[in-house]
There are 2 protein chains.
Amino acid sequence: MPEPMPDVDALDHRILGLLREDGRRTFSEMAAEIGLSVAAVKRRVDRLRETGVITGFTVQIDHAKLGWGIEAFTELRYQGTTPVDRIMRTATEIPEVQAVFTIAGDPDALIRIRARDLGHLQKIIDRLRRAGDVTGTKTLMVLASWTR
Amino acid sequence: MPEPMPDVDALDHRILGLLREDGRRTFSEMAAEIGLSVAAVKRRVDRLRETGVITGFTVQIDHAKLGWGIEAFTELRYQGTTPVDRIMRTATEIPEVQAVFTIAGDPDALIRIRARDLGHLQKIIDRLRRAGDVTGTKTLMVLASWTR
DNA sequence: ATTGAAACTCGTGATCT
DNA sequence: AGATCACGAGTTTCAAT
């Protein structure tokens with residue numbers, strides 16, 4: 001079942017672009033920017049939330065400044081019998097796991113990890129390796145990153 | 001030179017937690033939640049921005065609903081002589097590249113890609129392979145994902 | 001769907017403890 | 001640091017188009 005695809009016009013895309021740059025932009029600011037009334041902008045944002053295009057708003061944090069300077073991706077290989085939802089759950093229980101991506105092919109999953117230091121990272125990887133039906137891991141340490 | 005680490009106390013962490021859940025939460029709402037005055041919450045958020053802990057606010061989007069249903073990670077290998085900033089730039093020029101992570105060891109970089117369909121993904125990967133000093137790629141197709 | 005106006009809520013800066 | 005006050009700015013709803 002493919003996802004329903006709501007109509008999103010050029011104005012909606014401009015609003016989304018503005019909110020990507022600054023998710024706390026005011027409706028008035030956006031209204032002035034794109035030449036619509038405040039109420040119209042609000043209605044569009046409300047509709048984008050209702051249709052699920054906008055799933056939420058969040059704050060962007062420099063984790064290094066909070067003492068979480070280590071970032072890594074770990075590829076996980078599982079036993080052939082392991083169901084996908086089990087793979088998803090493995091990492092959910094480890095708070096340092098930021099995201100889990102199940103993968104078509106090899107490896108079976110890619111997870112994004114944040115740690116305070118290398119010792120901490122090691123402990124997390126050990127815990128993953130001990131967990132259930134993981135047959136192998138390969139960890140990619142992030143040196144630097146850039147996000148659009 | 002390690003990053004300067006500003007003092008962030010338990011109250012700041014609670015504020016960050018609230019803003020992670022909903023980046024558009026009002027100061028009054030947060031103030032009521034954690035038992036502080038509105039102005040106090042505002043000053044803390046302002047300070048978190050000034051010290052660089054908060055780098056911004058953004059909207060979270062369901063890209064599949066916008067017709068960008070394909071997500072993939074591609075590992076890139078470069079010639080040994082390629083400088084890191086060149087690696088960073090490779091992908092910057094391709095709009096479908098969402099993020100670039102330079103990696104310690106093998107591969108040299110991991111990039112996150114979004115595409116409309118498999119044909120589109122193929123074109124992006126072809127373009128990466130043709131670009132400059134890339135010696136090899138391995139693409140991991142995302143089946144499903146979960147983010148904390 | 002968009003607008004404009006009214007009523008309400010919020011953000012912001014000054015001032016004081 | 002945090003609280004309180006005051007005012008300008010932003011939000012939300014609704015009738016009208």
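Source: prediction; values computed, not measured. Letters A, B, ... are given to chains in the order of the sequence lines, protein chains preceding strands, and every chain is numbered from 1.
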- salt bridge (charged side-chain N to carboxylate O under 4.0 Å, His left out) evaluation trace for B:Glu71 with B:Arg114: CA-CA 5 Å; B:Glu71 186 175 3; B:Arg114 251 181 227 294; 3.7 Å; yes

- Query: When A:Asp46 is tested against each of A:Arg44, A:Lys42, A:Arg43, A:Arg49 for salt bridge (charged side-chain N to carboxylate O under 4.0 Å, His left out), which residue passes?
  - Reply: A:Lys42

- Message: For a quick check of understanding: with a heavy-atom distance under 4.0 Å over all strands, which category does B:Ala40 fall into, base, sugar-phosphate or nothing?
- Response: sugar-phosphate

When you compare the protein's N or O atoms with those of nucleotides 11-15 of chain D, which come within less than 3.5 Å of each other, and at what distance?
from, atom 1, to, atom 2, distance (Å)
D:dT11, OP2, A:Phe27, N, 2.9
D:dT11, OP2, A:Ser28, N, 3.4
D:dT11, OP2, A:Ser28, OG, 3.2

- DNA chain C: 5'-most and 3'-most nucleotides touching chain A, 4.0 angstrom heavy-atom criterion: C:dA1 to C:dG11

- Do B:Leu66 and A:Leu16 come within less than 4.5 Å of each other through their side chains, counting heavy atoms only? yes

- Would a 4.5 Å heavy-atom cut-off, applied to side chains only, mark A:Ile113 and A:Thr74 as touching? yes

- Ring-face cation contact, B:Phe27 with A:Arg24, 6.0 Å cut, 45° max: yes

- Atom pair distance, as rounded to whole Å: CG in B:Leu11 and C1' in D:dA3: 14 Å

- Item | Residue B:Gln122 excluded, over 12 heavy atoms near CD under 6.0 Å | no

- Does a sphere of radius 6.0 Å around NZ in A:Lys138 hold more than 12 heavy atoms from other residues, nucleotides or ligands, not counting ones at 6.0 Å or beyond? yes

- Distance, rounded to the nearest Å, where B:Arg44 contributes CZ and D:dA1 contributes C1': 8 Å

- Task: Check whether any side-chain heavy atom of A:Asp12 sits under 4.5 Å from a side-chain heavy atom of A:Arg47, and report yes or no.
- Result: yes

